[in-house]
Amino acid sequence: MAKYLLLDGMNLAFRSFYGMPELARHDGLPTGAIHGWMRTLWMLEDQEKPDKLVVFFDLGAPTRHEALLPEYKANRSDCPPALAQQFPYIRRITTLLGLGGIEQHGVEADDLIAGWAKRLAGDGHEVIIVSADKDLGQLVGGTIYQLTPPPTANPKLGWRRLDAAGIEEKFGVPPRLVPELLALTGDSSDNIPGIDGAGFKTAAKWLNQYRSLEGVIDHCGELKPQRCQQLVHSQRDAIRRNLQMTTLDTSTTLASDTLETSPGDLPAAIALLEELEMRSTADQLRRRRVIRS
């Protein structure tokens, strides 16, 4: 059995950007997120010692979510210009290191991760999904885990590896009910509206009592607090639509039968880091690859 780390590239790139001070090349090109990206990759390699680490990216093309809700993610502000300038370098260095990224037009990284996680786990491998995204918690169970980065509001919590029990402790429901929980509460980060007044604790209580989203809708006249009864009844179709959006597509068509990445190009990776004036990082990469080989 092999150990796979599947990384949510966009999620971790944003965290790398906000977790680092402003750094730049002599001509002003920002490099802070790239520094943070390399640190994150190496930390994960050292801590988890995976047999294979693969990064997944979004291409930004229309998705199945937008077909259901045109306002999907419309509330997100534009990517900070300093980060937008660094994305091409993050993608390129990732490829040169032989770590991906895996991407597909019209398919979000979450769905690609879901498809590969289920396939790899079905083949008996251990899979660790690295992301803070709540919806990925639904995949956890058996040999699939989620490794979440430290919350920006409380970094002292550190990285947390969650199994099925950890997901249930975090959300109040088992992994299989995470999509139904998010369908009720909504997801502000994705601009998915939920039931007004239905937070995680309230929605989890409903789901644990009535066993499913349809059970909650069927018993909406019994819900507490009482003001939510009419809201759930009147918004039942929207809630069902939400469930389609919060449920990951594990049947996503995959490009191949094996999770193959490019072999990488160490000299080119080192040259790129030196071009970015990240010489100490380039030296560290040389040392790490010599040790690993």
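Predicted model only: the values in this text are computed from it and were never measured.
Annotation for P155 and P150: closest pair O-CB, 3.6 Å, computed over non-hydrogen atoms. Taking both residues in full, the closest heavy atoms of V127 and A121 are given as CG2-N, 4.0 Å, listed atom of the first, atom of the second, then distance. Between G137 and P175, the shortest heavy-atom contact is O-CB, 3.5 Å. Here the closest non-hydrogen pair linking L12 and P149 is CD2-CG, 4.4 Å. Taking every heavy atom of both residues into account, L44 and P50 meet most closely at O-CD, 4.0 Å. When all heavy atoms of A203 and L181 are compared, the closest pair comes out as CB-CD1, 3.6 Å.
When side chains are defined from C-beta on, F87 counts as touching M10, because their heavy atoms get closer than 4.5 Å. Within the 4.5 Å cutoff, the side chain of R119 has heavy atoms near those of the D123 side chain. Using a 4.5 Å heavy-atom threshold, the side chains of F200 and K134 count as touching. For the pair L231/L223, no side-chain contact is recorded, criterion being any heavy-atom separation below 4.5 Å from C-beta on. Side-chain contact between L53 and L99 is present, with at least one heavy-atom pair separated by less than 4.5 Å. Between W116 and F56 there is a side-chain heavy-atom pair separated by less than 4.5 Å. Contact of the P30 side chain with the F17 side chain is not registered, since no non-hydrogen atoms from C-beta on lie closer than 4.5 Å. In this structure, L147 and Q47 have side chains that are in contact, with non-hydrogen atoms separated by less than 4.5 Å.
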Run D46 and R288 through salt bridge (charged side-chain N to carboxylate O under 4.0 Å, His left out) and show every step you take.
CA-CA 10 Å; D46 293 343; R288 291 178 66 89; 2.9 Å; yes
List the steps and the verdict of side-chain contact (heavy atoms from CB on, under 4.5 Å) for E214 and E180.
CA-CA 9 Å; E214 286 303 320; E180 311 202 18; over 6 Å; no
Pair N242, Q235 - check side-chain contact (heavy atoms from CB on, under 4.5 Å), show working.
CA-CA 10 Å; N242 286 356; Q235 297 180 36; over 6 Å; no
Show the numbers, then the answer: is there a side-chain contact (heavy atoms from CB on, under 4.5 Å) between L6 and L259?
CA-CA 10 Å; L6 308 184; L259 189 53; 3.8 Å; yes
Starting from the C-alpha separation in whole Å, work towards a yes-or-no answer on side-chain contact (heavy atoms from CB on, under 4.5 Å) for L177 and F171.
CA-CA 9 Å; L177 289 178; F171 292 106; over 6 Å; no
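Both V216 and V178 are members of a single hydrophobic cluster when ILVMFWY side chains are connected at heavy-atom separations under 4.5 Å. Under the 4.5 Å side-chain contact rule for hydrophobic residues, I217 and L182 share a cluster. Follow the hydrophobic side-chain contacts under 4.5 Å out from V55 and you reach F14 in the same cluster. Under a hydrophobic-cluster definition in which Ile, Leu, Val, Met, Phe, Trp and Tyr are linked whenever side-chain heavy atoms come within less than 4.5 Å, directly or via other members, L23 and L285 are assigned to different clusters. Under the 4.5 Å side-chain heavy-atom criterion for grouping Ile, Leu, Val, Met, Phe, Trp and Tyr, L272 is connected to M278 within one hydrophobic cluster.
Atoms OH and NE2, on Y210 and H219 in that order, are 6.0 Å from each other to the nearest 0.5 Å. In this structure, M1 CE and L120 CG are separated by 11.5 Å, a value rounded to the nearest 0.5 Å. The distance from atom CD1 of I128 to atom CG of L162, rounded to the nearest 0.5 Å, is 11.0 Å. Here the CD atom belonging to Q229 is positioned 12.5 Å from the CD1 atom belonging to I195, to the nearest 0.5 angstrom. In this structure, the separation between CZ on R241 and CD1 on I192 is 8.0 Å, given to the nearest 0.5 Å. Atoms CG and CE, on D135 and M245 in that order, are 10.5 Å from each other to the nearest 0.5 Å.
No donor-acceptor distance shorter than 3.5 angstrom exists from the side chain of E126 to the backbone of T143, with no hydrogens or angles considered. Listed for the Q146 side chain is a donor-acceptor partner under 3.5 Å among the backbone atoms of S131. A donor-acceptor contact shorter than 3.5 Å is absent between the side chain of D110 and the backbone of L136. In this structure a side-chain-to-backbone donor-acceptor pair under 3.5 Å is missing from R236 to D218. For the pair T95 (side chain) and G100 (backbone), a donor-acceptor distance under 3.5 Å is present. Under a 3.5 Å cut-off, the side chain of Q86 and the backbone N or O of A82 do form a donor-acceptor pair. W206 contributes no side-chain N or O that, together with a main-chain N or O of L213, makes up a donor-acceptor pair within less than 3.5 Å. A distance-only check finds a donor-acceptor pair linking the side chain of K3 to the backbone of E48 [under 3.5 Å]. Using a distance-only test at 3.5 Å, with no hydrogens or angles considered, no donor-acceptor pair links the side chain of D265 to the main chain of L96. Proximity of a side-chain donor or acceptor of D249 to a complementary backbone N or O of D111 within less than 3.5 Å is not detected.
Annotation: R92, atom CZ; neighbour count of heavy atoms from other residues, nucleotides and ligands within 6.0 Å does not exceed 12. In the displayed structure, N154 atom CG is contacted under 6.0 Å by more than 12 heavy atoms of other residues, nucleotides or ligands. No more than 12 heavy atoms of other residues, nucleotides or ligands lie within 6.0 Å of CZ in R160, so this atom counts as exposed by the packing criterion. Atom NZ of K205 is surrounded by 12 or fewer heavy atoms from other residues, nucleotides or ligands within 6.0 Å.
Each of D187, N11, T148, L248 was evaluated against D133; a single residue qualifies, N11, per the side chain to side chain contact (heavy atoms under 4.5 Å, CB included) test. L184 pairs in a side chain to side chain contact (heavy atoms under 4.5 Å, CB included) with only one of the listed residues (L243, I239, T202), which is I239.
Listed by first then second residue, pairs satisfying side chain to side chain donor-acceptor pair (under 3.5 Å) with a partner in residues 19-44 read R25-D27, H26-E277, W37-T94, not counting sequence neighbours.
Between E274 and R286, at least one side-chain N (NZ, or NE/NH1/NH2) sits under 4.0 Å from a carboxylate O, which counts as a salt bridge.
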